[in-house]
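Heads up: the structure comes next, in structure tokens.
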Amino acid sequence: MLLPKFEFHEPGTIKEALELKKKWSSTARFLAGGTDLLVHLKKKIITTDHIISLQKIEALSQIRDNKDSVEIGACATMAKISGTPVIKEKFSALKSGVDNLGTHLIRNRATIGGNVTNASPAGDSLPALLIYKAVVLLESLDGKREIPIEEFFKGPGKTDMKVDEILTGFRLPTPPAHSGAHYIQLGKRKSSEINVVNVASFLEFDPKTKKILNTRIALGSVAATPIRALKAEALLKDKIAEEASFYKAGEIARTEDCKPIDDFRGSAAYRRAMVGVLTKRTLATAFELAGK
Amino acid sequence: MKKIINLTINQLAYETAVEPNKTLADLLRYDLKLTGTKKGCDTGDCGACTVIMNGDPVNSCLVLAVQANGSQIETVEGLSTDEGIHPIQNAFVEKGAIQCGYCTPGMIMSTKSLLDKNSNPSEQEIREGISGNLCRCTGYTKIFEAIESLRS
Amino acid sequence: MKEYDVISTRANRIDTPDKATGRAVFVDDISRPGMLYGALLQSPHAHAKIISIDTSAAEKLKGVKAVITSKDAGDIKYGVSPARYDETVFAIDKVRYVGDEIAAVAAESLDIALAAVELIKVEYEILPAVFTIEDAMKDDAPLLHEGSPKNLCAEVHQEFGNVEEGLKNSDIVITTKMKNKRQDGAFIEMQGCIAEFDNLGVLTLTSSTQVPHYVQRTVAMVLGMDVGKVRVIKPYVGAGFGIKASANPMELACCFLAKKTRKPVKMNYTRDQVFMLARARHQFSHTITTGAKKDGTLMAIKHECWLDGGAYTSFGIATVYYTGSLLGGPYKLDNMSYDGYRVYNNKPACGAQRGHGAVIARACFEQQLDMIAEKIGMDPLQLRIKNMMETGDTTCNDLNMSSFGMSECIEAVRKGSDWDKKKGHMPKGKGIGMACGFFVSGAGYPIYRSDTWHGTVIVKLTEDGGTALVYTASAEIGQGSDTAFAMIAAETLGIPLENIRLASGDTDMGVDLGAYSSRQTLMTGHATKDAAEHAKKQVLEVLAEQLKVPVESMDIRKGFIEFKGKAPDFSELRTRYIKEHRGWIDNPKSEKLTFREASRIAFLEKGSIVGTGKYKPHLLGGKFKGAAVGTSPAYGCSAQVAEVTVDMETGQVTIDKITDAHDCGKAINLTSVEGQMQGSVSMGIGETMHEEVIFDKQGRVLNHDLAEYKIVTSMDMPMVEAIVVESAEPNGPYGAKEVGEGAIMPTIPAILNAVYDAAGVRLYELPLTPERVYHAIQEYKEKNNIK
């Protein structure tokens, strides 16, 4: 399979990248890990005249621990994120998400920025970013812009990023004490899978009362974008953290929060049912981790 | 327009001019005649084109040759030395881990990277370490055995 | 038991050092001076009349050397079975599936060739298309082929014994249906080829094929050439599993392009073209009724099957027969009927894949055995033993089990899996199941009607006497056949394996029908043994003359001549040999006469020592229509136990362990036999769990890559315990028979039976996606009022 012809640009700074993007506008595409972009070009799903590689811009692939938050550069690879101590220790659901993306080979190239800008409803890192309240960091020649990740997704393959903008990274506030999070993805096999349903849950509780203080549940592959299960979250507020509550939350997420469709990977009915099961299970594990 | 790139492949320095739309896999196979690296899909699904790039195994069909400018590349051809074939290659031969052999170069490069980073991988780590390399012939069993035999 | 020196060991394969180091050459690794690149124009429509084809713009593109259509390639029909040749290289009047070939281009580079393909203008008149058996059989359905009313490609009706009577005399009668999904071979090397003509008009086609011989004959026929002027070379091949077991349209187009341009032309399929060509396992829809007595005795099988064939016949005739015939065993059964139908439609053609025709029938039937066992309260393993055929038995459809280690296989998996402790004692959500199966060791007859030898082999001793060259046209495609034949040659000649050099996969080396129907070990193995014996005899005859001892008093073992009784004085021969070797450093010092010396002396006396060998099966099978399909000189058989965990909330099935025992007659190479068993199991697991080619409403494959067509990964593969059983097959070389396909037979039903044991649900449709299992569990819960 051949790639179409294009011009290749390899800027060294974000500013240079933005200047190139401004010049070539929608005829240019940013290349991060390439694990989706090059496949889509080969399959003629998309076209481009200019490729602006971001790999030489070091700032984009850094992961910085600011103690109260962590900043992940858009071009950090899944493998790098997975291996970063602060991610392993404090953002286990994100680690689990990036560990499930593609294969060990893909994860050495694929970047979190690429996964997010692709905006697949099934994207592996997205539910975790949602439950960790990630802030999307964008930049254009006119300045910087930050928006909550939930507002970033506009539909399958569509985001809020403007044609002259670049995604520089994400800021995730460090989760509080007595909190935990978990991610489960469900597919047909155990590697290289495109999810049928994927769910991440975050839970913070009061160790004295066992009451749930805060919870966030994100559902993937059951709507046009990854979504929060807001009704299930509302139900859990101030409830005792226990199996029965998690089950009820799952039921609400299943019946009220998700709006899945049928496609060749799975039916809406099954996806809906699995939202219930995975919500319950991710909450239970999140609670277990929160207690540790 | 072609670009001049410099890269090191199996410890040899190369300078070559490439079209921007040429993948690293095609550069290796068709320009440099390093045909040990195979292509089974061209879309990053099978792992037959696995090479080690700057220490990490990657699908060379999803890397542009121009992106490999300045990189250190290891391919299956680089493993054997004057002393003979590499212990990983030998283990694959001895344990019967090779049937049609088409996934083998990629499988061996993933194995090398796995063992370079972890000389004593668990069964699960072995499975994960080759999870991007599809094999349709062996059922992986003898590949696991070959890698297990190399634990330190 | 006879002791062997070479076979029956775990010798390293002769091809794997090159494969491990990247030196093994596959077709796309080859380039030829001045080579052009070819590309195909394939139909975007599932069914359409071709009104016109305009190639002028493509021809004008700089770098284009040839554009060909049916005008160049003609209208000669080809296919797999001569009685059903229904394909032409390029579509003439109409296209019948998305992917049907219309034209081809050769150009200086691949991107020029692809650009030229885009410039070919085809005017189509879209015809209504059908994609299912039901739609294709409707009265008003569009017909794909003239002369095939109702789009019926083939039908088979057979009855052995009296099924009605058998069912009437049964205490238990069970009817179930079973349906799989269309498979893809998913070999990792996509098909490719290079065709070139020399100045004398000889065509050499180098191709990724399982069957150089059949490709040679097809190419010769379609191009109108003498078979002797066509040479097909198979380099190393990245597996085939049946899909590469016939000539493909790309190979033929490539030959025409080479003919027109007088230059070498290379062509490759991309992965999505592999899916478009298809030719893999059919989708089968079975309905089977089985009757048994209260004591478990099997009485009768009534079997109906519909095969979703696709646009052309390909292997379909053989498939539809195999589907019926291979249900005749491995159990004693007097009454069996079969009605099989293969239906055309506007999807890519299906063909043969590992376990040809028989896999889903077995999946259906072996579940019924478990149902019968449950009804009568018998251990399903015991039920199978009770009904098992024995060595020497013949099935009701005339298949003879000349060796049959089936009971040994069952006992081996019973012990290996700890069946007696586990069956009936697994916790909820965990289950154990078993199944059996058998398969041919080579089709009893060639694909075309002929008295041809199925394999010929040449063993030539080098003039220095040290090495034996083995030449065979057989096809090493990963299964280890080259090594098996080298080992058989070494064993037969009585020399070490390292003194064999083997070359294969070239039609210039003889006739060999190739790698399909699990035939090579038995058939090519026989021819190899025959050739080696012939060469050995010639050496010993010279020795007999020189040493004045009878031939019968000598043998060769481990590279030395063995004499019965006292060895004669061979000092004269040794002196003669050493004189020949003046200046060499490896003069023999052993007390025994070496093979090298004997072979050199033989060369000096007689010139090149060439042993020739050949094989074809004895007359096999019954007299009824279709009796040939399913016949074989021998049958391999196997038993498997699967252990699974079912997640009762999500429907996810995890296979924890497979215990597999296979009777291969005699393991020429133990490691290779285990490798075939483990590989078969992995393909069986893929088909059971997640493989499925999916089409959209226009007949286009939706999941035409290895991300969405899901074969087993290293993360999914369970532990497989492979137990090799041997039974000394009288019709096999050194007692050897098949392992390549039979080993897949029990995998699917063993897993299905284990899932039933774990979850209480029977599944009659594959694959076992979490969703399908989930719905089955929900249905079960509703029916049984379980919360």
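Chain letters run A, B, ... following the sequence lines, proteins first, then strands; residues in each count from 1. Computed from heavy atoms alone, side chains included, the values below leave out hydrogens, waters and symmetry copies.
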Spell out, as yes or no, whether a donor-acceptor pair under 3.5 Å connects the side chain of C:Arg271 to the backbone of C:Ile188.
yes
Please determine if B:Lys22 and B:Asp31 form a salt bridge, counting it only when a charged side-chain N lies under 4.0 Å from a carboxylate O.
yes
Proximity breakdown for B:Lys95 and chain C, heavy-atom pairs closer than 4.5 Å:
backbone
Under the 3.5 angstrom rule, does the side chain of C:Arg10 hit a backbone N or O of C:Asn669 as a donor-acceptor pair?
no
Tell me, out of B:Gly36, B:Gly78, B:Gly101, who's got the most heavy-atom pairs with chain C below 4.5 Å.
B:Gly101
Name the region of B:Ser131, side chain, backbone, both or neither, that has any atom closer than 4.5 Å to a heavy atom of chain C.
both
Are any of the side-chain nitrogens in B:Arg136 or C:Asp184 under 4.0 Å away from the carboxylate oxygens of its partner?
no
Is chain C contacted by the side chain of B:Ile98, its backbone, both, or neither, given a heavy-atom distance below 4.5 Å?
both
Any sub-3.5 Å donor-acceptor pair from C:Gln183's side-chain atoms to C:Arg281's backbone N or O?
no
Between C:Asp28 and B:Lys38, does any NZ, NE, NH1 or NH2 come within less than 4.0 Å of an OD or OE carboxylate oxygen?
no
Relative to chain C, which segment of B:Glu128 carries a heavy atom at a distance below 4.5 Å: side chain, backbone, both, or neither?
both
Could you tell me which of B:Thr141, B:Leu34, B:Thr104 has the largest number of non-hydrogen atom pairs under 4.5 Å with chain C?
B:Thr141
Given C:Arg23, C:Glu476, C:Glu691, the one with more heavy-atom pairs under 4.5 angstrom with chain B than any other is C:Glu691
When B:Lys39, B:Gln89, B:Gln124, B:His86 are compared by non-hydrogen pairs under 4.5 Å with chain C, the top option:
B:Gln89
Which bit of B:Ile108 comes within less than 4.5 Å of chain C, counting heavy atoms only: side chain, backbone, both or neither?
side chain
